[in-house]
Amino acid sequence: MPKPDSFFITTPIFYVNDAPHIGHAYTEVAADVLARWHRQAGDDTWLLTGTDEHGQKILRTATANGAEPKEWADRLVKNEWIPLLDTVNMSNDDFIRTTEPRHEEGVQAFLQKLYDDGHVYAGEFEALYCVGCEEFKPKSEIVDGEGAFEGEKVCSIHSKPLELLKEKNYFFKMSAFGDALLKLYEERPDFVQPASARNEVVAFVQQGLEDLSISRSSFDWGIPIPWDQEHVTYVWFDALLNYVTATGYPNDPETFARRWPGVHIVGKDILRFHAVIWPAMLMAAGLEVPKHVFAHGWLLVGGEKMSKSKLTGIAPNEIIDVFGADAFRYYFMRAVSFGHDGSFSWEDLTARYHAELANGFGNLASRTLAMNAKYFDGVQPETAELSDADQAIVDLVARAATEADAHVNAFEIHEALSVIWEVVDALNGYITEMEPWVLAKDEAKRARLGTVLATVTEGLRALAVLLSPVIPEATEKLWVALGAKETLGELREQPLRDAGAWGQLPAGTPQSSLAVLFPRVEQD
RNA sequence: GGCUGAGUAGCUCAGCUGGUUAGAGCGCACGACUCAUAAUCGUGAGGUCGCGGGAUCGAGUCCCGCCUCAGCUACCA
């Protein structure tokens, strides 16, 4: 049974062939928001990310760039992937590279166990081979020949006939796990999420599983098969194991028991590896399968999947240099329904940034602190008797906090933000209706003025806590300005599941001025 | 070809087991207000709910057919 207090969440480990684009950053942010939320809610949280560095493709890229593969990986990791973490403000607890000893040793131990237990056998891998590509071709790259090659199968890249070649390979008896996997999907409908992703996985497994070739001998950039040094491990088999080699498998059973099983956030392009192959591997090794595999959608640009070849690839820094990491995180979490494809456009980003972050939340903070400074010398006012309107705010905050937590637990990050934003909108409306600037002109209404501003400020306190997993930088600034850091302690230590409890900011708490949280970005 | 999902206001999207005049945000128009990042609040205009049939007292929401788009249909990570 899953341990309720443990929340181990992973991103995919990224292939170091290329530089990151916003799709990678999106995955990182989603996992990070979930991790920050659970961590602040008191769960025993561990966020893992990392890089996948083996395989023929990396060997080729490295060679083409006149580098050794490890050298090449080191360079990409240092120059591109580690900086990405900082760019998007990741709070990962670990970063694993598949070239690290802890991983390589873990993979070998895992392989040896499967081999010893009879789940792996030596066989003949027979497939169509392209001399031009120097590799076996997947079905997607095999097409019918034309002209001189009519009737033959040719490579889609070279348009030359393919040869049927055999190679000795080690195979994982994945075919034996089809029924167990179907039973898993049946018994745990939330194992693969969202439901659309689950459907595809079930349909795939229902048509029957073949055994999986897990070794390669035509190149050597990989983890050697422990009982046969002529072979290296198939890169996916290697990569998937990072989730356990980073958490103590096999030499630290205590840590492993504490972390595993985990929750995997993946792009839908790699769903099958995580929802089929990976659980089959774990079953074979006698380990628990993941708690959940959640597949998020693509980011679409102009209605099409983002791609470098179509010049729609966007580097995270292009956005973050202009709007900041908080805005990046907020925008993609809010505008994209988690689990669905999402449309990205600069126009939409700019519009939401101004309407929601600058005019909505940022301005709410500004106007509130400005009035506290002006009417109460910058301290948290006293609350007198609550009117119905005040009570409505109190109730809304409580409800928003509860519902947001439920949404996050269900991977509905966008819904959580939607509910939290009801508070932002309600507070702006409340201020306009209560007209504190009018109350301020009548000394007899001094107590009422204090109550109104205390209510809004307390609402801001709750917002700072609830939004801290998504926009950690802005909420930290707000937290300091509210004086909350002095009286309530660090923002990141505020229990998230108590965020909706009213009256936490003591009256008399000194506040300080707040720099504009989300400055307007001038248009060209 | 088969399977899955989607096609709802200018844009991005909600609409669960069918039920009063189809919703939100943005954008737009008008008005109110001035504490605030020329921000805020209110009101309004705007949709034959992809197309065509069907069962139902009643369908965006069920059934049939069709059109369009995307994904999956295994060893590229």
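By convention in this document, chain letters (A, B, ...) are assigned in the order of the sequence lines, proteins followed by strands, and residues within each chain are numbered from 1.
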Expressed as a whole number of angstroms, how long is the span from [X]:[atom1] to [N]:[atom2]?
X	N	atom1	atom2	result
A:Asn372	B:A36	CG	C1'	12 Å
A:Trp298	B:U12	CH2	P	21 Å
A:Tyr331	B:C26	OH	C1'	11 Å
A:Leu300	B:G71	CG	P	9 Å
A:Glu200	B:G71	CD	C1'	5 Å
A:Glu435	B:A36	CD	P	15 Å
A:Asp425	B:A24	CG	P	13 Å
A:Leu357	B:C26	CG	P	13 Å

[X], nearest nucleotide to its side chain (from [options]):
X	options	result
A:Arg216	B:C26, B:G5, B:C75	B:C75
A:Glu356	B:G25, B:C35, B:A77	B:G25
A:Trp236	B:C75, B:C35, B:A77	B:A77
A:Arg367	B:C75, B:A77, B:C35	B:C35
A:Asp341	B:C35, B:A70, B:A74	B:A70
A:Lys268	B:G71, B:C41, B:U37	B:G71
A:Ala370	B:A74, B:C35, B:U4	B:C35

- Query: Please walk me through it: do A:Tyr26 and A:Phe328 pass ring pair (Phe, Tyr, Trp, His ring centres under 6.0 Å)?
  - Reply: CA-CA 9 Å; A:Tyr26 172 62; A:Phe328 183 97; 8.5 Å; no

- Is there a donor and acceptor pair closer than 3.5 Å between the side chain of A:Asn363 and the base of B:A36?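 Such a pair is found, so the answer is yes.
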
- Query: Pick the nucleotide of RNA chain B nearest each of A:Ser196 and A:Arg520; which residue has the one closer to the 5' end?
  - Reply: A:Ser196

- Message: On RNA chain B, does the nearest nucleotide to A:Ala203 precede the nearest nucleotide to A:Phe361 from the 5' side, or the other way round? Give the residue.
- Response: A:Ala203

- Check every strand shown and say whether A:Gly267 touches a base, only sugar-phosphate, or nothing at a heavy-atom separation below 4.0 Å.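 Nothing, no nucleic acid heavy atom in range.
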
What interatomic distance, in whole Å, is found between [atom1] of [M] and the corresponding atom of [N]?
N	M	atom1	result
B:U56	B:C64	C1'	16 Å
B:A36	B:C28	P	24 Å
B:A74	B:C51	P	35 Å
B:U8	B:C13	P	9 Å
B:C66	B:A29	P	46 Å
B:G7	B:G15	C1'	15 Å
B:G31	B:G23	C1'	24 Å
B:C3	B:C49	P	28 Å

Compute the centroid of each ring, for [X] and then for [Y], and state whether the two points are separated by less than 6.0 Å.
X	Y	value
A:Phe273	A:Trp278	no
A:Tyr353	A:Trp346	no
A:Tyr170	A:His119	no
A:Phe518	A:Phe323	no

Watson-Crick or G-U wobble mate for [N], both contacts under 3.5 Å:
N	result
B:C33	none
B:G52	B:C64
B:C72	B:G2
B:A59	none
B:G25	B:C11

- Item | Electrostatic pair A:Glu230-A:Lys168, nearest N-O below 4.0 angstrom | no

- For a side-chain contact (heavy atoms from CB on, under 4.5 Å) with A:Val336, tell me which candidate from A:Leu299, A:Asp341, A:Ile413, A:Leu300 qualifies.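 Going through the options one by one, the only one that passes is A:Leu299.
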
- Message: With a 4.0 Å cutoff (strictly under), does any side-chain N or O of A:Tyr430 reach OP1 or OP2 of B:U40?
- Response: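 Result: no.
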
